[in-house]
**Student:** 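This is the structure I want to talk about, given as structure tokens.
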Number of protein chains: 2
Amino acid sequence: MELKPPKSDLPTLEDVARAAGVSTATVSRSLNSPDQVSERTRQRVMATVRALRYSPNFGARALAAKRTNTYGAVIPTMENAIFARGLEAFQKVLVANGATMLVASSSYDPAIEEDQIRTMIARGADGILLIGAERDPEIYDFLKERHIPVVIAWSGTGVSALSCVGFDNQAAARELAARAIGLGHRRIAFISAYTENNDRARDRVAGARAALEAAGLDPSAMPVLETKYSIQCGRDAFVELMRESPRPTLVMCGNDVLAAGAMRAAHELGLKVPADVSITGFDDIELATVIQPALTTVHVPHRQMGGLAAEVLLAQVRDNSAAQQVNLETYIVERASLAAPGFQPTVAAE
Amino acid sequence: MELKPPKSDLPTLEDVARAAGVSTATVSRSLNSPDQVSERTRQRVMATVRALRYSPNFGARALAAKRTNTYGAVIPTMENAIFARGLEAFQKVLVANGATMLVASSSYDPAIEEDQIRTMIARGADGILLIGAERDPEIYDFLKERHIPVVIAWSGTGVSALSCVGFDNQAAARELAARAIGLGHRRIAFISAYTENNDRARDRVAGARAALEAAGLDPSAMPVLETKYSIQCGRDAFVELMRESPRPTLVMCGNDVLAAGAMRAAHELGLKVPADVSITGFDDIELATVIQPALTTVHVPHRQMGGLAAEVLLAQVRDNSAAQQVNLETYIVERASLAAPGFQPTVAAE
DNA sequence: GCCCCATTTGTAAGCGCTTACATTTAGAAT
DNA sequence: ATTCTAAATGTAAGCGCTTACAAATGGGGC
């Protein structure tokens, strides 16, 4: 505490003003709204800025301008490739617009998430990216009260009056399930991420149920196992599901990671995919193409979502534009892990 | 610009002071150094803070205290699971200490990286996390000039006088290669990430060479293909390597992602792993356990690294402690993809 | 009851910037 | 020339907080 080094004698706006022979206001304007300054003056100021290696003090600027040019992102975890992708894109767009990104992860815990959101706001975030629409209304009130623009990603329709950039989880899952039913599957099981506090996971399960119902099947007959987001958990869940008799002919998974675990378990149980059992995923991350057989899954445009979220947020903050609701398209990627039940591949495995 | 909503009438320190019947200094102290305030006063102040839902203004605080409690992390990309893991851990430790994380990615481009570093500093980062030690010395000068603590992760010995939390990439790769040589491998090929501006990648290749040399083999005879970080690239590189005659009996990969691609290519070429060709990875991400056969690789404690990096950085900033150099242990994870070289396959790929 | 010192509290000076408002300057129109 | 207007620049008032320093308070020890 005592030894704090002099952080120190960095040039200030005033130093630049003095050196350039203008007022601080002119320097400030040259930096922030160049077109309010004459060409000649601006040149001179900028040259001085460079000569002095001046860099504006962030705190002072934030204090005076009431804006930080910093945006927060609160996501469940960076270790999930889908969020990592989205974040990367979000950040790129931010940087391209001269802004920076604050990140925090909640580990899927609503209490932690709330805390992180408050911290971001206290840190002066001009806007904030949130995943999924489901959370304590009090948080939305808090955000509204402070006039902080929010964009919700990964979920389609969000809270009204809030921007969102997402897709229809339920419709996507329904479509995939319908496709499987069309192929002849009747006994379908589902491995889902925990649905509590997770509207995306819940919607995906609901989508499968809806397809069943539409096909005149009993949706409540579909076994659903909820588990954590990890390969190991997908594996365990699959083993559990295969204890049933008769066995399901298709195991749908709420995401690709769980599906990878399921695939793994299938191999260990000596089950051929898709001959003995079909497996589907959701998200279409790289993993889906690496496992054997390659995974039939739903492609979600994560990068696009992250990039668009940033744009929407920036527009709200900078141009005071209205909240927007953007719904992105998803599509089924047919690979090898889903086929008609009992399907014999022309070339035997191994 | 014009319509900016009133961000507005949030309570200030002064409001709290007035309401609690004390001076602003006392409120500030209650918040920042509670033990300088009497128990009774503090209680009263805190109650008022809660009642008014007061939250300190970030800019003002940063301006007055010359500290933001914000730390920057500049990484190549969040889409790489190893960095995502490290970052997640880094962030967790930061949050546990009341700090927040600013993130930027450089896409492995030194110019972008430099830019991001400068931006972070301009944003008032109190300290900064960097990946790998190799960069323009000018950047280090800049950082030193501003007295910004830096911690370098992922590389063992870094720039002197800078903290680093890493591991010995070269030794780890050497050990793995030595193990393979002990198994009987003589023709080894290497698929590496681009080594330009990437000391980690370079060290890994160097490690393999060192093992060859130590075994009396010619290190320059080892084919090395450099490529981008992606499964597809690993696949292409592997195919390329298999054109050689005689074929290598072992393809070492600079990371697990490349190895996954190689594995994929091996299957496509009808090559059995490890009978026809062994494959090794590096990093030990989850992917390594999903592919068939499971990957023999080097385990790197990414999370630990990220967490420690945060601790080192915090210590430097808060306690003004000296720079530390921490070297973490790695170890070989033996799975199925590496075995003694089998007979030379005569069946050609199509 | 008095003195001294440690503890607690208050006073007020900035921190470095933005911006409303005032002033000056320079063209254009007459 | 003169007047008017728009563009360019300057002045200076904060923004909300921290902290050096000063002042007040409260116990012991005598």
Side-chain angles (χ1 to χ4, degrees), chain A residues 1-2 4 6-45 48-49 52-70 121-124 126 146, chain B residues 1-2 4 6-45 48-49 52-70 121-124 126 146:
Chain A
M1 280 286 162
E2 288 68 33
K4 207 184 304 168
K7 213 163 201 170
S8 58
D9 42 36
L10 295 177
T12 70
L13 230 217
E14 206 181 330
D15 295 331
V16 176
R18 199 175 310 121
V22 296
S23 71
T24 58
T26 298
V27 178
S28 176
R29 280 191 283 255
S30 300
L31 257 24
N32 302 314
S33 35
D35 32 86
Q36 282 184 42
V37 174
S38 79
E39 174 71 15
R40 242 182 89 257
T41 309
R42 177 158 38 89
Q43 298 276 331
R44 185 152 39 94
V45 170
T48 313
V49 164
L52 263 47
R53 301 156 118 263
Y54 167 76
S55 166
N57 176 293
F58 177 69
R61 190 188 274 229
L63 178 57
K66 298 181 186 321
R67 195 184 283 183
T68 60
N69 248 303
T70 301
I121 303 315
R123 280 285 185 290
D126 289 342
R146 309 231 158 187
Chain B
M1 280 288 162
E2 287 69 32
K4 208 184 302 170
K7 213 163 202 170
S8 56
D9 42 36
L10 295 176
T12 69
L13 230 216
E14 205 181 331
D15 295 332
V16 176
R18 200 175 310 120
V22 296
S23 71
T24 59
T26 299
V27 178
S28 175
R29 281 192 283 255
S30 301
L31 258 22
N32 302 315
S33 35
D35 32 86
Q36 283 183 42
V37 175
S38 78
E39 174 71 14
R40 243 181 91 258
T41 308
R42 179 157 37 91
Q43 299 274 330
R44 186 153 38 96
V45 169
T48 314
V49 164
L52 263 45
R53 302 156 117 262
Y54 167 76
S55 166
N57 176 294
F58 177 68
R61 187 186 274 225
L63 178 57
K66 298 180 187 320
R67 196 185 281 186
T68 60
N69 247 304
T70 300
I121 302 316
R123 280 288 185 288
D126 289 341
R146 308 231 159 187

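Just so it is clear: chains get the letters A, B, ... in the order the sequence lines come, proteins before strands, and each one is counted from 1.
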**Student:** With sequence neighbours left out, write down each residue that passes salt bridge (charged side-chain N to carboxylate O under 4.0 Å, His left out) with A:Arg53, or none if nothing qualifies.
**Tutor:**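 Residues passing salt bridge (charged side-chain N to carboxylate O under 4.0 Å, His left out) with A:Arg53: B:Glu145.
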**Student:** Check this one for me: any side-chain N or O of A:Arg61 less than 4.0 Å away from OP1 or OP2 of C:dG16?
**Tutor:**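 For C:dG16, OP1/OP2 do not have a side-chain N/O of A:Arg61 under 4.0 Å.
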**Student:** Tell me, please, which residues at least two apart from B:Thr24 pass side-chain contact (heavy atoms from CB on, under 4.5 Å).
**Tutor:** B:Leu13, B:Glu14, B:Ala17
**Student:** Looking at C:dT18, D:dC17, C:dC17, which one has an atom nearest to any side-chain atom of A:Asn32?
**Tutor:** C:dT18
**Student:** For a quick test of reading the model, state the closest non-hydrogen atom pair linking B:Leu52 to B:Pro11 and the distance between them.
**Tutor:**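 Scanning both residues, the minimum pair turns out to be O-CG, 3.3 Å.
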**Student:** From NZ of B:Lys66 over to P of C:dC17, roughly how many Å is that when rounded to an integer?
**Tutor:** 10 Å
**Student:** Look at the side-chain N and O atoms of B:Asn57 and state whether any lies under 4.0 Å from the OP1 or OP2 oxygen of D:dC15.
**Tutor:** no
**Student:** Rounding to an integer number of Å, can you tell me how far A:Asp15 CG sits from C:dC15 P?
**Tutor:** 11 Å
**Student:** Phosphate oxygens OP1/OP2 of D:dC17: is one of them under 4.0 Å from a side-chain N or O of B:Ser28?
**Tutor:**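 No, because none of the side-chain N or O atoms of B:Ser28 sits under 4.0 Å from OP1 or OP2 of D:dC17.
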**Student:** So which nucleotide from D:dG16, D:dT18, C:dC17 ends up closest to the side chain of A:Thr12?
**Tutor:** C:dC17
**Student:** For the atom pair CG (B:Asn32) and CZ (B:Arg61), what is the distance rounded to the nearest 0.5 Å?
**Tutor:** 5.0 Å
**Student:** For the pair made of CG in B:Leu63 and P in D:dC15, what is the distance, rounded to whole Å?
**Tutor:**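 Distance, rounded to whole Å: 13 Å.
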**Student:** Contact class for A:Tyr54 vs. all strands (heavy atom < 4.0 Å): base, sugar-phosphate, or nothing?
**Tutor:** sugar-phosphate
**Student:** In whole angstrom, what separates A:Glu14's CD from C:dG14's P?
**Tutor:** 12 Å
**Student:** What's the spacing between A:Thr68 OG1 and A:Arg123 CZ if we round to 0.5 Å?
**Tutor:**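 Reported to 0.5 Å precision, the distance equals 11.5 Å.
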**Student:** Please enumerate all residues that pass salt bridge (charged side-chain N to carboxylate O under 4.0 Å, His left out) together with A:Arg44, with sequence neighbours excluded.
**Tutor:**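 Counting only residues at least two positions away or on another chain, A:Arg44 forms no salt bridge (charged side-chain N to carboxylate O under 4.0 Å, His left out).
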**Student:** If I take atom CG in residue A:Leu13 and atom P in nucleotide C:dC15, what distance separates them, rounded to the nearest angstrom?
**Tutor:**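 After rounding, the reported distance stands at 14 Å.
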**Student:** What is the distance, rounded to the nearest whole Å, between atom CG of A:Leu31 and atom P of C:dG16?
**Tutor:**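 About 16 Å, once rounded to whole Å.
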**Student:** Under 3.5 Å, which N/O atoms of the protein pair with N/O atoms of nucleotides 8-10 of chain C?
**Tutor:**
{"residue": "C:dT9", "atom": "OP1", "partner": "B:Ser38", "partner atom": "OG", "Å": "3.1"}
{"residue": "C:dT9", "atom": "OP1", "partner": "B:Thr41", "partner atom": "OG1", "Å": "2.2"}
{"residue": "C:dT9", "atom": "OP2", "partner": "B:Ser38", "partner atom": "N", "Å": "3.0"}
{"residue": "C:dG10", "atom": "OP2", "partner": "B:Ser23", "partner atom": "N", "Å": "2.9"}
{"residue": "C:dG10", "atom": "OP2", "partner": "B:Ser23", "partner atom": "OG", "Å": "3.2"}
{"residue": "C:dG10", "atom": "OP2", "partner": "B:Thr26", "partner atom": "OG1", "Å": "2.7"}
{"residue": "C:dG10", "atom": "N7", "partner": "B:Arg29", "partner atom": "NH2", "Å": "2.8"}
{"residue": "C:dG10", "atom": "O6", "partner": "B:Arg29", "partner atom": "NH1", "Å": "3.3"}

**Student:** Considering residues at least two apart in sequence or located in another chain, which fulfil the salt bridge (charged side-chain N to carboxylate O under 4.0 Å, His left out) criterion with B:Arg29?
**Tutor:**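 In terms of salt bridge (charged side-chain N to carboxylate O under 4.0 Å, His left out), with neighbours along the sequence ignored, B:Arg29 is linked to no residue.
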**Student:** Return the value, rounded to whole Å, for the distance between atom CZ of B:Phe58 and atom C1' of D:dT18.
**Tutor:** 15 Å
**Student:** Starting at CZ of B:Phe58, measure out to CG of A:Leu63 and round the result to the nearest 0.5 Å.
**Tutor:** 11.5 Å
**Student:** How long is the straight-line distance from CD of A:Gln36 back to OG of A:Ser28, given to the nearest 0.5 Å?
**Tutor:**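 It is 9.5 Å, given to the nearest 0.5 Å.
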**Student:** Under 3.5 Å for both distances, Watson-Crick or G-U wobble, that's the pair rule; now give the dot-bracket for DNA chain C, with | marking pairs to another strand and [ ] for crossing ones.
**Tutor:** ||||||||||||||||||||||||||||||
**Student:** CZ of A:Arg67 versus P of C:dC17: gap in Å, rounded?
**Tutor:** 18 Å
